[in-house]
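Data first, discussion second: the structure below is written as C-alpha coordinates.
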Amino acid sequence: MTKILLILSSPRGTASLSARFALELTERLRSCGIGTSLLVRDLADPPLPHVDVSYINGRTRNADERSRAETQAVELAEALIGELQLADIVIIASSMVNFSVSSVLKTWFDYLIWPGITIKYTNRGF
(Lines give C-alpha, C1' and ligand atoms only; values in the text may rest on other atoms or scores of the structure.)
Protein backbone atom coordinates (compact mmCIF):
# COMPACT_ATOMS: atom_id res chain seq x y z
CA MET A 1 0.00 0.00 0.00
CA THR A 2 1.54 3.29 -1.14
CA LYS A 3 0.68 6.26 1.04
CA ILE A 4 0.60 9.78 -0.37
CA LEU A 5 0.84 12.85 1.85
CA LEU A 6 -0.43 15.94 0.04
CA ILE A 7 0.57 19.24 1.63
CA LEU A 8 -1.45 22.30 0.62
CA SER A 9 -0.16 25.69 1.70
CA SER A 10 -1.97 28.43 -0.14
CA PRO A 11 -4.24 30.90 1.64
CA ARG A 12 -6.49 30.50 -1.45
CA GLY A 13 -7.00 26.81 -0.70
CA THR A 14 -7.92 24.60 -3.64
CA ALA A 15 -8.55 27.69 -5.78
CA SER A 16 -4.80 28.29 -5.99
CA LEU A 17 -2.80 27.19 -8.99
CA SER A 18 -0.30 25.28 -6.82
CA ALA A 19 -3.11 23.27 -5.19
CA ARG A 20 -4.75 22.52 -8.54
CA PHE A 21 -1.46 21.21 -9.96
CA ALA A 22 -0.76 19.12 -6.86
CA LEU A 23 -4.27 17.67 -6.83
CA GLU A 24 -3.98 16.81 -10.53
CA LEU A 25 -0.63 15.10 -9.94
CA THR A 26 -2.11 13.18 -7.02
CA GLU A 27 -5.05 12.00 -9.12
CA ARG A 28 -2.76 10.95 -11.96
CA LEU A 29 -0.65 8.88 -9.57
CA ARG A 30 -3.73 7.27 -8.09
CA SER A 31 -5.21 6.52 -11.52
CA CYS A 32 -1.97 4.63 -12.34
CA GLY A 33 -2.41 2.53 -9.21
CA ILE A 34 0.13 4.52 -7.20
CA GLY A 35 -1.17 5.82 -3.92
CA THR A 36 -3.76 3.60 -2.37
CA SER A 37 -3.96 5.91 0.63
CA LEU A 38 -4.16 9.70 0.57
CA LEU A 39 -3.79 12.13 3.46
CA VAL A 40 -4.34 15.81 2.70
CA ARG A 41 -2.87 18.31 5.15
CA ASP A 42 -4.11 21.84 4.35
CA LEU A 43 -1.72 24.00 6.33
CA ALA A 44 -3.84 27.12 5.80
CA ASP A 45 -7.13 25.66 7.03
CA PRO A 46 -6.81 25.78 9.95
CA PRO A 47 -3.39 27.43 9.97
CA LEU A 48 -0.71 25.90 12.14
CA PRO A 49 0.23 28.04 15.13
CA HIS A 50 3.66 29.52 14.72
CA VAL A 51 6.44 27.95 16.74
CA ASP A 52 6.76 29.65 20.11
CA VAL A 53 8.44 29.19 23.47
CA SER A 54 6.04 26.36 24.41
CA TYR A 55 7.29 24.23 21.54
CA ILE A 56 10.94 25.16 22.00
CA ASN A 57 10.88 24.39 25.73
CA GLY A 58 8.50 21.46 25.45
CA ARG A 59 10.64 19.46 23.08
CA THR A 60 13.60 19.64 25.46
CA ARG A 61 11.65 18.51 28.55
CA ASN A 62 10.47 15.09 29.62
CA ALA A 63 6.78 14.51 28.96
CA ASP A 64 5.89 14.57 32.67
CA GLU A 65 7.61 17.94 33.12
CA ARG A 66 5.80 19.80 30.32
CA SER A 67 3.11 22.42 30.82
CA ARG A 68 -0.24 21.95 29.04
CA ALA A 69 0.83 24.39 26.29
CA GLU A 70 4.16 22.61 25.87
CA THR A 71 2.43 19.24 25.67
CA GLN A 72 0.01 20.50 23.00
CA ALA A 73 2.82 22.01 20.94
CA VAL A 74 4.93 18.86 21.12
CA GLU A 75 1.94 16.63 20.31
CA LEU A 76 1.25 18.72 17.21
CA ALA A 77 4.87 18.35 16.09
CA GLU A 78 4.77 14.60 16.76
CA ALA A 79 1.57 14.27 14.70
CA LEU A 80 3.07 16.20 11.77
CA ILE A 81 6.28 14.18 11.92
CA GLY A 82 4.25 10.97 12.11
CA GLU A 83 2.31 11.90 8.97
CA LEU A 84 5.55 12.52 7.12
CA GLN A 85 7.19 9.30 8.35
CA LEU A 86 4.21 7.20 7.24
CA ALA A 87 4.18 8.67 3.73
CA ASP A 88 5.82 6.92 0.81
CA ILE A 89 5.24 9.92 -1.46
CA VAL A 90 5.04 13.56 -0.37
CA ILE A 91 3.59 16.18 -2.69
CA ILE A 92 3.96 19.78 -1.56
CA ALA A 93 1.81 22.44 -3.20
CA SER A 94 3.80 25.56 -2.47
CA SER A 95 2.22 28.88 -3.22
CA MET A 96 4.35 31.97 -3.54
CA VAL A 97 3.53 34.78 -1.15
CA ASN A 98 5.60 37.98 -1.28
CA PHE A 99 8.34 36.24 -3.29
CA SER A 100 8.71 33.35 -0.83
CA VAL A 101 6.90 30.27 0.44
CA SER A 102 3.83 30.89 2.56
CA SER A 103 4.34 31.34 6.28
CA VAL A 104 2.24 28.25 6.99
CA LEU A 105 4.58 26.10 4.91
CA LYS A 106 7.59 27.55 6.72
CA THR A 107 5.83 26.82 10.02
CA TRP A 108 5.29 23.18 8.94
CA PHE A 109 9.04 22.86 8.34
CA ASP A 110 9.72 24.51 11.71
CA TYR A 111 7.70 21.76 13.43
CA LEU A 112 9.36 19.00 11.40
CA ILE A 113 12.94 20.05 12.09
CA TRP A 114 13.57 18.69 15.57
CA PRO A 115 17.22 18.20 16.54
CA GLY A 116 17.82 14.66 17.74
CA ILE A 117 14.50 13.45 16.31
CA THR A 118 14.36 14.35 12.61
CA ILE A 119 17.87 15.74 12.15
CA LYS A 120 21.18 14.81 13.67
CA TYR A 121 24.15 17.13 14.03
CA THR A 122 27.54 15.66 13.25
CA ASN A 123 31.04 17.05 12.91
CA ARG A 124 30.32 17.24 9.15
CA GLY A 125 27.09 19.19 9.54
CA PHE A 126 23.59 17.74 9.75
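Taking CG of L25 as the reference point, atom CG of L29 lies at 4.5 Å (rounded to 0.5 Å). To the nearest 0.5 angstrom, T118 atom OG1 is 11.5 Å from L80 atom CG. To the nearest 0.5 Å, the span separating CG on L6 from CD1 on I91 amounts to 6.0 Å. I4 contributes atom CD1, which lies 8.0 Å from atom CD1 of I34 (distance to the nearest 0.5 angstrom). Rounding to the nearest 0.5 angstrom, the gap separating the OG1 atom in T107 from the CG atom in L112 is 10.5 Å. Here the CH2 atom belonging to W108 is positioned 10.0 Å from the CD1 atom belonging to I113, to the nearest 0.5 angstrom.
The two atoms that bring R20 and T14 nearest to each other are CG-O, 3.4 Å, heavy atoms only. Here the closest heavy-atom approach between residue L17 and residue R12 is recorded as N-NH1, 4.4 Å. Looking at every heavy atom in both residues, S102 comes nearest to S9 through OG-O, 3.0 Å. Closest approach of S10 to A44, counting heavy atoms only: O-CB, 3.4 Å. Closest non-hydrogen pair, G58 versus V74, comes out as C-CG2, 3.4 Å. Between N57 and T60, the shortest heavy-atom contact is O-OG1, 2.8 Å.
A single hydrophobic cluster is seen to contain both W114 and L84, as judged by linkage of ILVMFWY side chains at heavy-atom distances under 4.5 Å, directly or through other members. L39 and V90 end up in the same hydrophobic cluster when Ile, Leu, Val, Met, Phe, Trp and Tyr side chains are linked at under 4.5 Å. Cluster annotation: F21 and V97 are assigned to distinct hydrophobic clusters (Ile/Leu/Val/Met/Phe/Trp/Tyr, side-chain heavy-atom contacts under 4.5 Å, transitive). When the side chains of ILVMFWY residues are joined at heavy-atom separations under 4.5 Å, either directly or via intervening members, L76 and L86 end up in two distinct hydrophobic clusters. L43 and L38 fall into different hydrophobic clusters, where Ile, Leu, Val, Met, Phe, Trp and Tyr are joined by side-chain heavy atoms under 4.5 Å apart, directly or via other members.
Judged by distance alone, with hydrogens and angles left aside, the side-chain atoms of Y55 form a donor-acceptor pair with the main-chain N or O of Y111 at under 3.5 Å. In terms of modelled atom types and a separation under 3.5 Å, the side chain of T2 and the main chain of T36 share no donor-acceptor contact.
Screening L48, L8, I92 for a side-chain contact (heavy atoms from CB on, under 4.5 Å) with L105, the sole residue that qualifies is I92. When each of S16, P47, S95, S103 is tested with P11 by the rule side-chain contact (heavy atoms from CB on, under 4.5 Å), just one qualifies, namely S95.
Side-chain contact between S18 and S94: absent, with no pair of heavy atoms (C-beta onward) separated by less than 4.5 Å.
Residues in residues 50-69 take part in these salt bridge (Lys or Arg N to Asp or Glu O under 4.0 Å) pairs, two or more places apart or across chains: R61-E70. Sorted by first and then second residue, the side-chain hydrogen bond (donor to acceptor under 3.5 Å, both in side chains) pairs involving residues 26-35 (not counting sequence neighbours) are E24-R28.
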